[in-house]
A.B. asks: 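Let me give you the structure first, and then I'll get to my questions.
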Number of protein chains: 2
Amino acid sequence: MLSQRGRYALKALLHLGRSGGEPRGVTAIAASEQIPRKYLEAIMSELRRAELVESTRGWSGGYRLAKPADLITFGEIIRLTDGPLALLPCASRNFYKRCEDCVDEAACALRRVMASVRNQVAEILDRTTLADAIAGSPASRALLDAEPVDPGSADTA
Amino acid sequence: MLSQRGRYALKALLHLGRSGGEPRGVTAIAASEQIPRKYLEAIMSELRRAELVESTRGWSGGYRLAKPADLITFGEIIRLTDGPLALLPCASRNFYKRCEDCVDEAACALRRVMASVRNQVAEILDRTTLADAIAGSPASRALLDAEPVDPGSADTA
DNA sequence: TCAAATCCTATCCAATAGGTAGGAACTGAG
DNA sequence: CTCAGTTCCTACCTATTGGATAGGATTTGA
Ligand code: FES
Ligand code: FES
């Protein structure tokens, strides 16, 4: 399960994606998405430091996406807020860490299974963008149907 | 990421699966898998209460699997030790819980994406058994081989 | 009877999640 | 210039959880 913080971040970013390029204030987002205002403030600050959003202060300031919505993937957001997608450190690509107590990593049965899980998860989350989700997620729908992916069709961005 | 506890449980169960039907004591498992003995003791107790393993006490006692290794799936183990497979409560089948702050769940873009992730994860974990993993995971290998193209590299080799 | 095993209850500690408080700094409208 | 509305920053709080240990009661075969 991802953290509430991560869920809020995703909801806020989707909100921004829906709002075109207009800056939206934290207060507006918080009210609209039912997120505690002060908490969201901290989250947006983190997203800004990670350069997923840009901010303008003062008068009619607020936040907007730093990139087009079809260039921001769920994968990068979740990795930012919740860390690894993998179920085990040894099965993660971006946050790899050795399992101290596993004698032979290459032969570890557990790791093999978890690596395949990670691959499937990353496949979806790194391909699905905010724009996809907003549009009704055509990309993830293809994956949802559990058909082996046909490389020729269903091109995203 | 799953908890250390969950990882220990999986390692212990795999160990039992490899040991045929002979009971293995906690001390033996702990030493062999490099798990803190007293901690593993508590974990095994939980697995027994969940009827994944059976125990015999006294002289040459220990634990053994309560069912054949090809009838115990990773899914049920992980759900027991770490709860939901899904990334969001609203995307979980077995631990479903409504998102209080989401107005219209049926229209929630976030939920759609997360539901597709959950389906893929459950697909693997509910099909892969301890026996599969021990045998070199033929089931998960099939899924692993379905791994499509890397988004960053040249398409359709 | 004794040693080895499971079983049970109670702690303990550090880290994290989730959130709040209060205010400094910026910025356009008036 | 002033002011309201905004982001920004630091600090703090509390409950829960993860990970583990302590100490012993209970069972059981050699
Ligand atoms: S190497 Fe990570 S579980 Fe074995
Ligand atoms: S319904 Fe769960 S995130 Fe919207």
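Note on naming: letters A, B, ... go to the chains in the order of the sequence lines (proteins, then strands), and numbering restarts at 1 for each one.
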A.B. asks: Do the side-chain N and O atoms of B/S116 and B/N119 include a donor-acceptor pair separated by under 3.5 angstrom?
C.D. replies: no
A.B. asks: Of the candidate nucleotides D/dC9, C/dG18, C/dG19, which contains the atom at the shortest distance from the side chain of A/S3?
C.D. replies: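 Of D/dC9, C/dG18, C/dG19, C/dG18 is nearest to the side chain of A/S3.
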A.B. asks: Indicate whether OP1 or OP2 belonging to D/dG19 is found under 4.0 Å from a side-chain N or O atom of B/R37.
C.D. replies: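 Checking D/dG19 against B/R37, no side-chain N or O comes under 4.0 Å of OP1 or OP2.
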A.B. asks: Look at the side-chain N and O atoms of A/R5 and state whether any lies under 4.0 Å from the OP1 or OP2 oxygen of C/dG19.
C.D. replies: no
A.B. asks: Tell me the interatomic distance from A/E46, atom CD, to C/dG18, atom C1', rounded to whole angstroms.
C.D. replies: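 My rounded result for the distance is 13 Å.
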A.B. asks: Would you say A/R24 reaches D/dG5's phosphate, i.e. side-chain N/O to OP1/OP2 under 4.0 Å?
C.D. replies: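 For D/dG5, neither OP1 nor OP2 has a side-chain N or O of A/R24 closer than 4.0 Å.
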A.B. asks: Which sits closer to the 5' end of DNA chain D, B/D82 or B/G58, going by the nucleotide each is nearest to?
C.D. replies: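 Comparing both residues, the 5'-ward one is B/D82.
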A.B. asks: Does B/R7 place a side-chain N or O at less than 4.0 Å from the phosphate oxygens OP1/OP2 of D/dG19?
C.D. replies: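 Negative; the distance criterion is not met.
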A.B. asks: Provide, to the nearest angstrom, the distance between the CD atom belonging to A/E41 and the P atom belonging to D/dA11.
C.D. replies: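 After rounding, the gap between these two atoms is 17 Å.
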A.B. asks: Could you give the CH2-to-C1' distance, from A/W59 to D/dT2, as a whole number of Å?
C.D. replies: 18 Å
A.B. asks: Nearest of C/dT6, D/dT7, C/dG18 to any side-chain atom of A/S55?
C.D. replies: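 The answer is D/dT7, which lies nearest to the side chain.
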A.B. asks: Could a donor-acceptor pair under 3.5 angstrom be found where the side chain of B/K38 meets the base of D/dG19?
C.D. replies: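 Check fails, no donor-acceptor contact within cut-off.
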A.B. asks: The side chain of A/S45 is closest to which nucleotide in this list: D/dC8, C/dG19, C/dA29?
C.D. replies: D/dC8
A.B. asks: Using whole Å, report how far CE of A/M1 lies from C1' of C/dA17.
C.D. replies: 13 Å
A.B. asks: Let me know the distance between CD of A/Q34 and P of C/dG19, rounded to the nearest Å.
C.D. replies: 13 Å
A.B. asks: Looking across every strand, which nucleic acid part, if any, lies under 4.0 Å from B/S60 by heavy atom: base, sugar-phosphate, or nothing?
C.D. replies: nothing
A.B. asks: Where do A/L14 and A/A133 come nearest, in terms of heavy atoms and distance?
C.D. replies: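 For A/L14 versus A/A133, the nearest heavy atoms are CD2-CB, 3.9 Å.
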A.B. asks: What nucleotide, of C/dC7, C/dC8, D/dC8, holds the atom closest to the side chain of A/Y63?
C.D. replies: D/dC8
A.B. asks: Please report, rounded to the nearest Å, how far the C1' atom of C/dC7 is from the CG atom of B/L47.
C.D. replies: 14 Å
A.B. asks: Taking the side chain of B/Y39 as heavy atoms from C-beta outward, which of D/dA20, C/dC7, C/dG19 is closest to it?
C.D. replies: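 Nearest to the side-chain atoms of B/Y39, counting from C-beta on, is D/dA20.
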A.B. asks: Would you say D/dA20 has OP1 or OP2 under 4.0 Å from some side-chain N or O of B/Y8?
C.D. replies: yes
A.B. asks: Cut-off 3.5 Å, side chains only: do A/D82 and A/S3 have a donor facing an acceptor?
C.D. replies: yes
A.B. asks: Atom CZ of B/R57 to atom P of D/dA30: distance rounded to whole Å?
C.D. replies: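 From B/R57 CZ to D/dA30 P: 17 Å.
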A.B. asks: Ignoring the backbone of B/Q4, work out which of C/dG18, D/dG19, D/dT7 is nearest its side chain.
C.D. replies: D/dG19
A.B. asks: Does the A/S19 side chain pair with the main chain of A/E22, one donor and one acceptor, at a distance under 3.5 Å?
C.D. replies: no
